[in-house]
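Let me begin by handing over the structure; questions about it come next.
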Amino acid sequence: MTLATGTQQAGLPALPHWETVPDDLATAIREIKPALRARIESSGRTVEEVFAVVEERVRARLAEIQADRERGESVWPVIDYADIANGTVTPEQLDKLRRRGCLVVRGHFERDQALAWDASIVDYVERNEFFENYRGPGDDFFGSVGSKPEIYPIYWSQAQMEARQSDRMANVQSFLNSLWKHESEGVQWFDPNRDALYPDRIRRRPPGADSNGLGTHLDPGTLDLWLTQAYQQAFRHLFDGSIEEYDPWDAAHRTAGPQYPGSTMCSAFRTFQGWTALSDMDHDQGVLHTVPIPEAMAYLMLRPLLADVADDDMCGVTTNQVFPANEKWHPLLMEALTGIPDVKAGDSVWWHCDMIHSVAPITDQKGWGNVMYIPAAPWCPRNEEYSAKVREAFLTGSSPSDFPEEHYERTWTGRFGADQLNETGRRGLDLD
């Protein structure tokens, strides 16, 4: 439904907005695109001029990435957990982290601890006859990877919950959250030192596996990024001619707005997506890749407004699918796609929530490829609202509402219980 009032900033044309999914997506797109162009042009700059500023920023970052490659240096920042815990991360490391928007934390957990967690997950699923009762992938997106099963719809194992509520995880999450500008306009958009407990799945890819991987995409939302009022405010500098002020680390207006529902949505606001390695993984064994340029989001948001894109097209973005990034519309960004370095069990991997990422395909994988998905999801209105659903899922052993309704664990033995929660776990579920 189109609301009667538009997003208004002083002296700028109003924007129409849809707080729920429009009944006619093509019509809504045909309405929003000229409105966004008119707002940009009211600043005295053309869409092409604003996009050129973004493209120049992206090219500068790409040149830095290519220089690292030529020197044989890691494009991905790598920081030891001990330095995060001790507050000894150097200014140079912080600068690279902000420029790249992704990170490997070495030794986040002791290797023996990670391997023990991996073994305990195997015991948990085998004891409860998961493989005998597995009904196949409930998610079309992850169902495409090829390994059967690769993504386990398991949320409440001892291993996952111990990692989520651990002090070591809380330390890294707070460190990552603090990279963001979380207070502005008299508002604290989120609390960097308290995370909502966001449950996600596990991946176990066995030696010898063939996997199709996952194509380049991003996960912060879909058409709601252009069509809802909160996101129009969040990306205001892209659309009001003040592109130089755009900051991909600014959380303003991102933590309370709606998101269009869909099979790939995330109800929570995440500063970083992340996973913790439960096995050693070499860089050429079907691993995560990102476009390590946080400013790329501006490129993605402005690209549909250029003249070569049809009036009812947002470069392929639609509802109920992931946000695609590809050679057709974003060839410059694809030049930056870079895989993680080798990781060991106990390391963790993190990437900015707006970041393009993919998983490379693999044939005859060498070694295991096992991870627990645990993001940084700081406490904010959006995450507080979702925590009520998470809490109910935890107490009943259900699949969380962001995920397919599979509910394998409701009757399982050995599931992590409420009496095992520590203070961090209770705060993350809003039980205190």
Side-chain angles (χ1 to χ4, degrees), residues 117-165 169 195-206 214 219 259-270 273-276 278 319-322 370-375 377 382-422 425-431:
W117 278 336
D118 191 44
S120 76
I121 289 170
V122 173
D123 177 70
Y124 180 59
V125 298
E126 289 184 346
R127 182 194 330 160
N128 289 287
E129 300 182 335
F130 169 65
F131 300 105
E132 290 85 345
N133 293 288
Y134 179 60
R135 298 184 292 273
D139 184 321
D140 289 341
F141 180 56
F142 277 119
S144 69
V145 295
S147 182
K148 305 289 187 183
E150 180 172 321
I151 303 297
Y152 290 24
I154 304 303
Y155 305 90
W156 309 117
S157 68
Q158 298 285 327
Q160 290 163 287
M161 287 298 294
E162 286 172 9
R164 289 172 188 149
Q165 69 171 5
M169 183 59 69
D195 257 61
L197 191 150
Y198 187 83
D200 205 332
R201 297 171 284 194
I202 60 175
R203 186 189 78 192
R204 300 197 83 250
R205 190 195 296 154
L214 297 172
D219 299 323
Q259 185 171 28
Y260 292 167
S263 61
T264 59
M265 73 175 293
C266 175
S267 296
F269 169 68
R270 298 174 291 191
Q273 295 176 249
W275 50 253
T276 299
L278 299 178
T319 57
N320 210 32
Q321 296 180 22
V322 295
N370 303 344
V371 306
M372 290 189 286
Y373 296 101
I374 304 176
R382 183 168 159 184
N383 294 354
E384 181 177 6
E385 180 180 354
Y386 186 58
S387 70
K389 298 178 182 179
V390 173
R391 188 166 57 249
E392 177 63 22
F394 167 67
L395 294 173
T396 60
S398 302
S399 300
S401 60
D402 271 1
F403 300 91
E405 295 184 19
E406 295 169 279
H407 309 307
Y408 288 105
E409 294 172 273
R410 283 179 172 173
T411 60
W412 282 18
T413 61
R415 195 173 79 230
F416 191 93
D419 60 341
Q420 296 175 275
L421 291 167
N422 62 16
R426 292 184 64 82
R427 276 165 51 89
L429 292 168
D430 205 22
L431 284 169

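Since this is a predicted model, take the numbers as computed values, not measurements. When a residue number appears, it is its place in the shown sequence, counting from 1.
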*Which heavy-atom pair separates Val390 from Pro199 by the least distance, and what is that distance?*
CG1-CD, 3.7 Å
*Between the main-chain N or O of Ser157 and the side-chain N or O of Arg415, is there a donor-acceptor pair closer than 3.5 Å?*
no
*Where do Tyr124 and Trp156 come nearest, in terms of heavy atoms and distance?*
OH-O, 3.9 Å
*Could you tell me which non-hydrogen atom of Pro153 sits nearest to which non-hydrogen atom of Glu406, and how far apart they are?*
CB-OE1, 3.3 Å
_In the structure I gave you, are the side-chain heavy atoms of Asp200 and Met372 within less than 4.5 Å of one another anywhere?_
no
*For the residue pair Arg270 and Asp219, establish whether any side-chain heavy-atom pair is separated by less than 4.5 Å.*
yes
*Please tell me if the side chains of Tyr386 and Tyr198 come closer than 4.5 Å, counting only heavy atoms from C-beta onward.*
yes
_Check whether Arg164 reaches the backbone of Leu197 with its side chain - one donor and one acceptor, N or O, closer than 3.5 Å._
no
*Take Leu421 and Leu431, measure what side-chain contact (heavy atoms from CB on, under 4.5 Å) needs, and give me the verdict at the end.*
CA-CA 10 Å; Leu421 291 167; Leu431 284 169; 3.6 Å; yes
*What's the shortest heavy-atom distance between Ala268 and Asp402, and which atoms?*
N-OD2, 4.4 Å
*Answer yes when Glu150 and Arg205 have at least one side-chain N-carboxylate O distance shorter than 4.0 Å, and no when they do not.*
yes
*asked:* Any heavy-atom pair between the side chains of Ser399 and Glu405 that's under 4.5 Å?
replied: no
*Determine whether the side chains of Ser387 and Glu384 contain a donor N or O and an acceptor N or O closer than 3.5 Å.*
no
*Flag the pair Arg410 / Ser398 as yes when at least one side-chain heavy-atom distance between them is below 4.5 Å, and no otherwise.*
yes
_Are Ile121 and Leu278 packed together at the side-chain level, in the sense that at least one heavy-atom pair is separated by less than 4.5 angstrom?_
yes
_For Ser120, is there any backbone N or O sitting under 3.5 Å from a side-chain donor or acceptor partner on Gln158?_
no
*Does atom CD of Gln420 have more than 12 heavy-atom neighbours, drawn from other residues, nucleotides or ligands, at distances under 6.0 Å?*
yes
_Closer than 3.5 angstrom, by distance alone: can the side chain of Asn320 be matched with the main-chain N or O of Pro261 as a donor-acceptor pair?_
no
*So, for Phe394 and Tyr155, is the gap between ring centers shorter than 6.0 Å?*
no
*With a 4.5 Å limit on heavy-atom distance, are the side chains of Phe416 and Glu162 in contact?*
yes
*Compute whether any side-chain donor of one residue and acceptor of the other, for Gln160 and Tyr373, lie under 3.5 angstrom apart.*
no
*Flag side-chain contact, heavy atom, 4.5 Å: Ile154 against Arg201*: no
_Quick check on the 6.0 Å ring-centre criterion: do Tyr408 and Tyr152 meet it?_
no
*Smallest separation among heavy atoms of Asn383 and Ala196, with atom names*: CB-CB, 3.8 Å
*In Å, rounded to the nearest 0.5 Å, how long is the span from OG1 of Thr413 to CZ of Arg127?*
5.0 Å
*In Å and rounded to the nearest 0.5 Å, what is the CH2 to CG distance from Trp275 to Asn370?*
10.5 Å
*Using a strict 4.0 Å threshold on nitrogen-to-oxygen distance, state whether Asp118 and Arg204 make a salt bridge.*
yes
*Does a donor on one side chain and an acceptor on the other come within less than 3.5 Å for Gln165 and Arg426?*
no
*asked:* How long is the straight-line distance from SG of Cys266 back to CD of Gln259, given to the nearest 0.5 Å?
replied: 7.0 Å
